[in-house]
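The structure under discussion appears below in the form of structure tokens.
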Amino acid sequence: TAIDREHKTVTVFSHGEGREYVESYDKLILSPGARPTQPKLPGTGLDRLFTLRTVEDTFAMKDFINAESPRSAVVCGGGFIGLEVAENLRELDVTIVQRPRHLMSPFDADMAALIHQEMRAHGVRLALGRSVEGFEERDGGVDVLLAGEEPLRADMVVLAIGVTPDTALADAAGLQTGIKGSIVVNDRMETGIEDIYAVGDAVQVSHLVTGDDALISLAGPANKQGRVAADAICGLDSRFAGAQGTSVIKVFDLTAAATGLSEAACERAGIAHDAVVLSPMSHAGYYPGGKVMTLKVVFERETYRLLGAQTIGYEGVDKRIDVLATAIFAGLSAIQLKDLDLAYAPPYSSAKDPVNMAGFMVE
């Protein structure tokens, strides 16, 4: 519940014993994660409103569904958690509402359109470009109030509009904070206060592509940061290289994956860029069962430096994004993608793999 950095102690409350005590430390690692972002809107404390962070949160939703038998749900937010919640509530009448005009901010609008199509094909309604202004309980349900429009009616609402670093403890201890109150650390995960380290969704990191400060709340970087902190405590010279936001999500039957910068992110960063988009088969067209995927590769206009990629399809999406993520990390140019010696047999790929094809197109 508190950190005393001068005396190197923490105050702990024991729920089992119902008492508070002080524990000393030699080294302290802060890994509080991130909590669901809670907008300051009327009605956010209603019983029919849910957020999702812990396993217990899923139990609360499940218990509500079993007890109340809701028929409809509104999910506020179309990111990773919003889409996964919508899929898991698929037997209800589900609507996703959000202010941005397209789902999944790591993707550009042209690629997100494929995600929209898949969601709608499975009965999920999309209310995009709408601003939620509050919530009102009425007649055993919830009205989701929208700016300038009729409210959306639902039996339950899930707030999934993003996450915020859970850093009140660090802030109270006087640690330096950055974006959204995140804990500022160096590449050894040191906070600037002797013997205090921080890792995970609570920390500000360096974006591997831009070098700018960023918040990247993903499990892969968090685990790597934990290893770096442990190494540093043990006297090893491990360093966190940064994160590039490589991610993948299942959207009903579709797989969508991204790494590095989208075109929209390049524009925000002021990077002159270009992109190629292709729709190859997941494996050789003459071998049965191949399915089309769509691949987008973003690169710097003058240097051809590889900046990012997005791919959406049904098979082989994850392996292509991992190849492209590795290429970005290794500093390859977009043209060098054509030279990668990738595994080929007709059930798995084409002699010119989709990643190779992107390189040919860039060239």
Side-chain angles (χ1 to χ4, degrees), residues 1-13 20 22-41 44 51-54 57 77 79-81 99-100 105-106 159-233 237-247 260-261 265 268-270:
T1 59
I3 300 167
D4 184 341
R5 46 193 252 202
E6 292 184 13
H7 296 94
K8 297 182 74 170
T9 63
V10 292
T11 304
V12 181
F13 179 76
E20 196 171 71
V22 174
E23 181 74 60
S24 63
Y25 67 82
D26 297 315
K27 308 283 186 179
L28 179 65
I29 302 176
L30 299 177
S31 181
R35 64 183 187 278
T37 301
Q38 288 273 22
K40 294 179 180 178
L41 296 174
T44 51
T51 57
L52 179 56
R53 179 183 186 182
T54 65
D57 293 336
F80 291 97
I81 292 175
R99 184 178 299 164
S105 60
L159 292 178
I161 60 173
V163 294
T164 303
D166 194 357
T167 53
L169 193 65
D171 194 39
L175 273 65
Q176 183 183 352
T177 54
I179 302 169
K180 281 189 177 181
S182 58
I183 304 170
V184 174
V185 293
N186 62 15
D187 60 0
R188 287 170 55 79
M189 313 316 297
E190 296 166 327
T191 63
I193 304 300
E194 189 176 5
D195 295 326
I196 300 181
Y197 300 76
V199 300
D201 292 356
V203 306
Q204 176 177 288
V205 299
S206 174
H207 195 290
L208 194 69
V209 179
T210 65
D212 295 336
D213 293 332
L215 285 182
I216 299 178
S217 301
L218 294 167
N223 276 268
K224 295 178 184 71
Q225 292 159 20
R227 186 180 180 90
V228 169
D231 283 352
I233 287 170
D237 189 27
S238 291
R239 297 182 184 270
F240 181 64
Q244 62 196 64
T246 305
S247 58
L261 302 180
R268 289 193 297 270

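All of these numbers come straight from a predicted model, not from anything done at the bench. Counting begins at 1 with the first residue of the sequence.
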- prompt: Shortest non-hydrogen contact from Leu30 to Ala170?
  reply: CD1-CB, 4.0 Å
message: side-chain contact (heavy atoms from CB on, under 4.5 Å), that's the test. Do Asp201 and Val163 meet it? Break it down for me.
response: CA-CA 9 Å; Asp201 292 356; Val163 294; 5.6 Å; no
Any donor-acceptor N/O pair, Thr11 side chain to Val22 backbone, under 3.5 Å: no
- request: Find out whether Pro32 and Leu169 are in side-chain contact, i.e. whether some heavy atom of one side chain is under 4.5 Å from a heavy atom of the other.
  value: no
message: Once salt bridge (charged side-chain N to carboxylate O under 4.0 Å, His left out) is applied, do any residues pair with Arg239, and if so which ones, sequence neighbours excluded?
response: Asp187, Asp237
message: Can you give me the closest heavy-atom contact between Gly260 and Val209, atom names plus distance?
response: CA-CG2, 4.2 Å
- request: Indicate the atoms forming the closest heavy-atom contact of Ala160 with Ile81, along with that distance.
  value: CB-CG2, 4.0 Å
message: Do Gln225 and Val205 make a side-chain contact, defined as non-hydrogen atoms from C-beta onward lying under 4.5 Å apart?
response: yes
query: Does Thr167 use its side chain to pair, donor to acceptor, with the backbone of Gly181 at less than 3.5 Å?
result: yes
- request: Would you please name every residue forming a side-chain hydrogen bond (donor to acceptor under 3.5 Å, both in side chains) with Arg99, sequence neighbours left out?
  value: Ser131
field: Nearest heavy-atom neighbours spanning Asp4 and Tyr25
entry: O-OH, 4.2 Å
- prompt: When rounded to the nearest 0.5 angstrom, what distance separates CG in Asp213 from CG in Leu215?
  reply: 9.0 Å
Rounded distance (nearest 0.5 Å) linking atom CD of Glu6 with atom CD of Glu194: 12.5 Å
message: Working to the nearest 0.5 angstrom, can you tell me the gap between Leu159 CG and Ile161 CD1?
response: 6.5 Å
- prompt: Atom OG1 of Thr246 and atom CG of Leu208: how far apart are they, to the nearest 0.5 Å?
  reply: 8.5 Å
message: So that I can tick it off, tell me whether Asp166 and Arg53 are bridged by a salt bridge, with the cut-off set at under 4.0 angstrom between side-chain N and carboxylate O.
response: yes
Test item: Arg5 side-chain N/O and Ile196 main-chain N/O as donor-acceptor pair under 3.5 Å: no
message: Please find the pair of heavy atoms, one from Pro165 and one from Ile179, that lie closest to each other, and give the distance.
response: CG-O, 4.4 Å
message: Please report the interatomic distance CE(Met189) to CZ(Phe240), rounded to the nearest 0.5 Å.
response: 6.5 Å
- prompt: So, for Val184 and Gly178, which heavy atoms are closest and what is the spacing to 0.1 Å?
  reply: CG2-N, 3.6 Å
- prompt: Does Ser31 reach the main-chain N or O of Gly200 with its side chain, forming a donor-acceptor pair under 3.5 Å?
  reply: no
- line: Taken to the nearest 0.5 Å, the spacing of Ile233 CD1 from Arg188 CZ works out to 10.0 Å
task: Answer whether the closest heavy-atom distance between the side chains of Asp26 and Asp195 falls below 4.5 Å.
output: no
